[in-house]
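Throughout, a chain's letter reflects where its sequence line sits, starting with A, and its residues are numbered from 1.
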2 protein chains.
Amino acid sequence: MMTDKLKTVPEPTLKRLPLYHRFLKELQPTGRESVSCTDIGADLGLDPTQVRKDLEAAGITGRPRIGYTILNLIDGIEEFLGWKKANEAFLVGAGSMGSALLGYHKFEDCGLRIIAAFDADPLKSGKTIHGKHVLPLEKLTELAQRMHVLLGIITVPAAGAQAVAEMMVAGGIRAIWNFAPLRLRVPEHIIVHNEDLYCSLASLSQKLARELQENPLRSVPAVTAVPADILN
Amino acid sequence: MMTDKLKTVPEPTLKRLPLYHRFLKELQPTGRESVSCTDIGADLGLDPTQVRKDLEAAGITGRPRIGYTILNLIDGIEEFLGWKKANEAFLVGAGSMGSALLGYHKFEDCGLRIIAAFDADPLKSGKTIHGKHVLPLEKLTELAQRMHVLLGIITVPAAGAQAVAEMMVAGGIRAIWNFAPLRLRVPEHIIVHNEDLYCSLASLSQKLARELQENPLRSVPAVTAVPADILN
DNA sequence: TAGATTGTTAATCGATTAACAATC
DNA sequence: TAGATTGTTAATCGATTAACAATC
């Protein structure tokens, strides 16, 4: 158990730590006690030194010749990433993406507890999705304030996202996980994390275009007509 | 219209180009003809030189003193990112995340055309989600082959993802957009893009934990009891 | 012409990788 | 002891930022 100050670490390190965590969780049931950076790196295709640096950044120490105690490592990563004490969160936008996130109960293992959803549509508020109540949007600010909810998730369409962000900020929310495809304008102290699928797609699409330019088609089978009624 | 060779560009550049594109699309209706890197940078909070470098990497040129022609810029970015000719894609896993993606019709503007979904569950296959047919999983490989579909989207739970990836590869799919929280083991020439929400959450959660450590609570209003019946 | 902006080269910064000493 | 592995410092690499010349 370590409760040192949480340091600022490079973003890439922050993204890799959960990968280590996942690998260690797979390793745990095997009964092994310790693991080396070489082992972790081998599984994920990473340089062992990088793994060591990441763990060092997270404030986790091992023992020369032995490696790291798996239990210790899992605990240290969870502590460092803030997964030990759950962040309560409000989700706004009970559309399909919102519903999907409400169903990801595994988020709780990562310290995320979505305690309610909100939607401007009266047809949606009042319902329950994956066991979570959907409340009318106008209650967001007040409830966030009263309940000291510090994390907000935005899954509304782009057009409504800025307004929602402002309601969240007004309610004292400090960090926003934004799935709407736009940059939110919020005060500087608010942490915003954009999950911009369009940007993500852009990078995939460019890579595929480039790959196809280099190797047009690996094999060129006859183009067969496909039953029209089976696809739209 | 530019049809030069598509270059390999830094990943960060690839992620920023769609942001420029979005800003330019907003600018377009105003009737303005040209724009400078300073303008773009100001909107997104980026260094103008970085914007210029990114555009240069995408093979787009401007004119000193004038800037870039907006139309030209939009066209150039779309061309470079491969948004001009649609990539046909198969999506596997018609759960809530899959459904959400099937409903994102704006993906088509980014050159992504999801032409069908697949699911192992016979209760789901046969249905139609957001206008797309859901087919039985066992048809995936053959159909991908016959239709020359090159892009696959995985939205099944982690346990099934590796098997799906293998079916995709067998069907000749060249790029995979993976939403399942695990690293897929695929041949080297396959492009994999992991949309790992857990890793993303980790970084947000750590930042929030750190922020709370530094500024525990901006204001400390009384903790009010919340109607128990309104939340679960 | 003068000034704004691109294009391009150099400097800086940060992250990754390599080298090696400390240690169990 | 010898050897594997951590801890730590140095070297490399790549991306960002700064500087400045070219140009419309």
**Asked** If you check the B:P12 side chain, which of C:dT17, D:dT16, D:dA18 turns out closest?
**Response** D:dT16
**Prompt:** Using 30° and 60° as the class limits, which term best fits the ring planes of B:F90 and B:F118: parallel, tilted or perpendicular?
**Reply:** perpendicular
**Prompt:** For C:dT16, does either OP1 or OP2 sit under 4.0 Å from a side-chain N or O belonging to A:R16?
**Reply:** yes
**Request:** Would you mind classifying the nucleic acid contact of A:T61 as base, sugar-phosphate or nothing, using non-hydrogen atoms under 4.0 angstrom?
**Result:** sugar-phosphate
**Asked** With respect to the side chain of A:P64, which nucleotide from C:dT6, D:dT6, C:dT8 is positioned closest?
**Response** D:dT6
**Message:** If you assign each of A:D54 and B:R52 to its closest nucleotide in DNA chain C, which residue comes earlier from the 5' end?
**Reply:** B:R52
**Nearest-Å distance for atom pair NZ/C1', residues B:K15 and D:dA15** = 14 Å
**Message:** Looking at B:D39 and B:S36, would you say the former's side chain and the latter's main chain have a donor-acceptor pair under 3.5 Å?
**Reply:** yes
**Item:** D:dT12: pairing nucleotide in any strand, Watson-Crick or G-U under 3.5 angstrom
**Value:** C:dA15
**Asked** Does B:Y68 make a side-chain N or O approach to OP1 or OP2 of C:dG7 shorter than 4.0 Å?
**Response** yes
**Message:** How about CZ on B:R32, more than 12 heavy atoms from neighbouring residues, nucleotides or ligands closer than 6.0 Å, or not?
**Reply:** yes
**Request:** Give A:T38 one of three labels, base, sugar-phosphate or nothing, depending on what nucleic acid heavy atoms sit under 4.0 Å from its own.
**Result:** nothing
**Prompt:** Base, sugar-phosphate, or nothing for A:S36, non-hydrogen atoms under 4.0 angstrom?
**Reply:** sugar-phosphate
**Request:** Inspect the contact between A:R22 and B:D196 and indicate whether a charged nitrogen and a carboxylate oxygen are less than 4.0 angstrom apart.
**Result:** yes
**Message:** Checking base pairs now: Watson-Crick or wobble, both atom distances under 3.5 Å. What partners D:dC24?
**Reply:** C:dG3
**Request:** Ignoring the backbone of A:R65, work out which of C:dT8, D:dG3, D:dT23 is nearest its side chain.
**Result:** D:dG3
**Request:** Mind telling me whether B:Y198 and A:Y104 have parallel, tilted or perpendicular rings, with 30° and 60° as the class edges?
**Result:** parallel
**5'-most by nearest nucleotide on DNA chain D - A:R63 or B:T49** = A:R63
**Prompt:** Considering heavy-atom distances to DNA chain C, does A:V9 or B:V35 have its closest nucleotide positioned more toward the 5' end?
**Reply:** B:V35
**Request:** Calculate the interatomic distance between B:L46 atom CG and D:dA15 atom C1'; express it in whole Å.
**Result:** 13 Å
